[in-house]
Amino acid sequence: MYRIGIDLGGTNIAAGVVDESQHIVAETSVPTGAERGAEAVVADICRAAELAMAKAGITAAHCASIGIGSPGTCDGSRGVVVRAYNLGWFNVPVCDMVTARLGLPCRLSNDANCAALAETVAGAAVGCRNMVLVTLGTGVGVGIVSDGKLLEGVGGTGAEAGHAILVLDGEPCTCGRKGCWEAYASATALIRQGRRAALAHPESPMARCGDALTAKDVFDAADGGDETAQAVLAQYYVYVAAGVTDLVNILGPEMVLIGGGISRQGERLLSPVREYVAANCFGGHDRLPPVIEAARLGNEAGIIGAAAL
Ligand SMILES: [Zn+2]
């Protein structure tokens with residue numbers, strides 16, 4: 001049997017047919033066009049699923065289920081997107097709508113959760129029953145697999161570790177609080193840290209980028225020997241690692257994976273994070289720190305994880 005995975009994003013809807021070996025055998029993508037409203041978007045989710053099935057040369061009769069990874073707060077038990085600001089969705093019963101059209105059982109979860117699940121079935125954490133995926137991008141997304149199951153909290157409201165406080169009364173966060181981990185460890189935060197350092201050190205090559213500074217510019221400046229950029233990164237790694245240490249202390253996972261654009265820095269990021277976690281996690285020398293690696297799946301994680309729901 002095949003399963004269908006839908007990666008619902010603010011820009012595109014990606015649909016894929018996934019086989020029993022977790023390979024995407026066919027996929028398609030259509031623009032989301034969220035401004036058209038939920039009915040039209042859900043109709044396109046179904047159309048994309050049908051297109052992907054047609055490409056794979058199968059019909060719904062060959063499929064066991066369809067899974068959807070959505071942004072925002074998703075209540076998996078009811079199949080409802082409770083709140084997704086970038087889609088403008090509130091309490092949309094997506095699963096019932098999809099099942100009515102395609103006749104397939106439908107499951108729904110948050111995109112960060114789907115990415116974590118994908119790593120356990122086809123990525124860097126295959127066979128791992130207790131793991132955390134931290135995605136460092138525009139924000140900090142966290143997906144937690146505990147005893148082989150997604151840890152989603154009541155009504156899908158949990159696992160939002162990006163909004164745990166790292167610095168009380170610290171930097172403002174998009175969620176309205178101050179000092180969230182996301183406000184220090186996201187790629188957006190790294191850019192802000194780089195801009196601030198460049199203002200204080202106009203001799204840094206980062207200063208030439210002005211407001212156009214990217215996370216890559218900070219890494220490039222550090223590679224070129226710029227001590228200001230090197231200091232920004234050293235501090236950034238501590239912000240990332242301190243939050244990872246909290247997750248390790250709370251969950252005691254076997255493995256922590258780091259994904260998102262920043263994770264392309266590989267060992268340069270992973271090695272200081274490993275060192276910090278090993279030195280600071282509760283239990284110190286008496287416990288083995290978890291394995292900390294880069295996530296392995298890229299864009300396909302959304303489809304594979306959604307299908308695995
Ligand atoms: Zn926050």
Side-chain angles (χ1 to χ4, degrees), residues 71-72 110-113 115-116 119 124-125 131-144 151 158-198 206 213-222 228-251 253 255-282 289-295 298 301:
N110 170 282
D111 43 18
N113 294 337
E119 292 291 337
M131 63 80 74
V132 182
L133 170 66
V134 176
T135 304
L136 305 175
T138 312
V140 173
V142 174
I144 299 167
L151 196 154
E160 292 292 351
H163 300 284
I165 297 295
L166 188 68
V167 179
L168 198 58
D169 290 325
E171 297 281 351
C173 180
T174 52
C175 73
R177 285 180 96 194
K178 285 182 177 173
C180 291
W181 187 30
E182 171 169 306
Y184 290 86
S186 62
T188 315
L190 173 59
I191 292 165
R192 187 178 56 239
Q193 291 152 16
R195 275 189 201 146
R196 267 188 206 154
M206 292 189 295
L213 183 80
T214 64
K216 184 171 180 297
D217 292 329
V218 181
F219 286 103
D220 288 349
T228 303
Q230 287 165 357
V232 166
L233 285 176
Q235 179 64 60
Y236 175 74
Y237 298 148
V238 172
Y239 289 140
V240 172
V244 169
T245 305
D246 288 343
L247 284 168
V248 168
N249 285 350
I250 294 168
L251 298 164
M255 185 177 252
V256 178
L257 296 179
I258 300 186
I262 300 279
S263 72
R264 285 198 285 272
Q265 297 297 328
E267 283 304 312
R268 192 178 181 188
L269 165 73
L270 295 171
S271 165
V273 169
R274 276 189 208 114
E275 267 174 44
Y276 183 99
V277 173
N280 291 283
C281 67
F282 188 76
V291 174
I292 299 176
E293 291 291 349

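A quick note: this is a predicted structure, and the numbers were derived from the prediction, not measured.
Atom CD1 of Ile191 and atom OH of Tyr236 lie 9.5 Å apart (nearest 0.5 Å). Rounding to the nearest 0.5 Å gives a distance of 16.0 Å between NZ of Lys178 and CG of Leu166. Considering CG of Leu168 and CZ of Arg177, their distance stands at 8.5 Å, rounded to 0.5 Å. One distance of note links CZ of Arg195 with CG of Asp217; it measures 10.0 Å at 0.5 Å rounding. In this structure, the separation between CZ on Arg264 and CZ on Phe219 is 10.5 Å, given to the nearest 0.5 Å. Atom CG of Leu136 is separated from atom CG of Leu190 by 10.0 Å, given to the nearest 0.5 angstrom.
Listed by chain and number, the residues in a salt bridge (Lys or Arg N to Asp or Glu O under 4.0 Å) with Glu275 amount to none (sequence neighbours excluded). For the salt bridge (Lys or Arg N to Asp or Glu O under 4.0 Å) test, residues two or more places apart in sequence or in another chain that qualify with Arg268 are Asp223. Residues forming a salt bridge (Lys or Arg N to Asp or Glu O under 4.0 Å) with Arg196 (at least two apart in sequence, or on another chain): Glu171.
Counting heavy atoms from C-beta outward, Ser186 and Thr138 have side chains that stay 4.5 Å or more apart. Within the 4.5 Å cutoff, no side-chain heavy atoms of Val256 are placed close to those of Leu247. A 4.5 Å side-chain heavy-atom check between Arg274 and Pro289 finds every atom pair outside the cut-off.
Tested against Leu270 for a side-chain contact (heavy atoms from CB on, under 4.5 Å), the candidates Leu257, Ile258, Val240 yield a single pass: Ile258.
No donor-acceptor pair under 3.5 Å is formed between the side chain of Glu182 and the backbone N or O of His163. The backbone N or O of Gly72 lies less than 3.5 Å from a partner atom in the side chain of Asn110, making a donor-acceptor pair.
Annotation for Gly194 and Val232: closest pair N-CG1, 4.1 Å, computed over non-hydrogen atoms. Across Leu133 and Ala112, no two heavy atoms sit closer than the pair CD2-O, 4.5 Å. Closest approach of Ala197 to Met206, counting heavy atoms only: CB-CE, 4.2 Å. In terms of heavy atoms, Cys180 sits closest to Gly162 at CB-O, 3.5 Å. The two atoms that bring Pro290 and Pro253 nearest to each other are CB-O, 3.3 Å, heavy atoms only. Nearest heavy-atom pair, Gly143 versus Asn113, reported as atom, atom and distance to 0.1 Å: CA-OD1, 3.8 Å.
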task = Determine, step by step, whether Trp181 and Val142 satisfy the side-chain contact (heavy atoms from CB on, under 4.5 Å) criterion, reporting the C-alpha distance in whole Å, the side-chain angles of both residues, the deciding distance to 0.1 Å, and the verdict.
result = CA-CA 11 Å; Trp181 187 30; Val142 174; 4.1 Å; yes
Steps toward side-chain contact (heavy atoms from CB on, under 4.5 Å) verdict (Gln235, Gln193) = CA-CA 9 Å; Gln235 179 64 60; Gln193 291 152 16; 5.8 Å; no
